[in-house]
Amino acid sequence: MILKLPRLSEEAGEIALERMQRKAADLHDKATKHHRAAALLYESGDRYQADAHASIARRHSMAALEAAAVPKT
């Protein structure tokens, strides 16, 4: 049996893709937290704080989408 090791560049590429996806997942988690906070604040009538959390949530969501964008080869 011959063990075939991946070329270094392929392995580095896979690690980079994994990191991108983990970063995107972390940002989505942050966005979810702020969306939930915004919803609760809207429900309680605190529109100012709710708007602030909604804005933060949108920024995290956009950053997550950008982090997950896999460059075309």
**Prompt:** Which residues satisfy the side chain to side chain contact (heavy atoms under 4.5 Å, CB included) test with Glu66, sequence neighbours excluded?
**Reply:** none
**Request:** Check side chain to side chain donor-acceptor pair (under 3.5 Å) between Arg22 and all other residues, then give those that pass, not counting sequence neighbours.
**Result:** Glu18
**Request:** Could you list the residues that satisfy side chain to side chain contact (heavy atoms under 4.5 Å, CB included) with Asp51, not counting sequence neighbours?
**Result:** Tyr42, Arg47
Which donor-acceptor pairs under 3.5 Å do the side chains of residues 28-40 make with protein atoms, sequence neighbours left out?
| from | atom 1 | to | atom 2 | distance (Å) |
| --- | --- | --- | --- | --- |
| Thr32 | OG1 | His28 | O | 2.9 |
| His34 | ND1 | His53 | ND1 | 3.0 |

**Message:** Between Ser55 (side chain only) and Ala52 (backbone N and O only), is there a donor and an acceptor less than 3.5 Å apart?
**Reply:** no
**Asked** For the residue pair Lys23 and Ala67, what are the closest heavy atoms and their distance?
**Response** CG-CB, 4.0 Å
**side chain to side chain contact (heavy atoms under 4.5 Å, CB included) against Arg19, all qualifying residues, sequence neighbours excluded** = Ile15
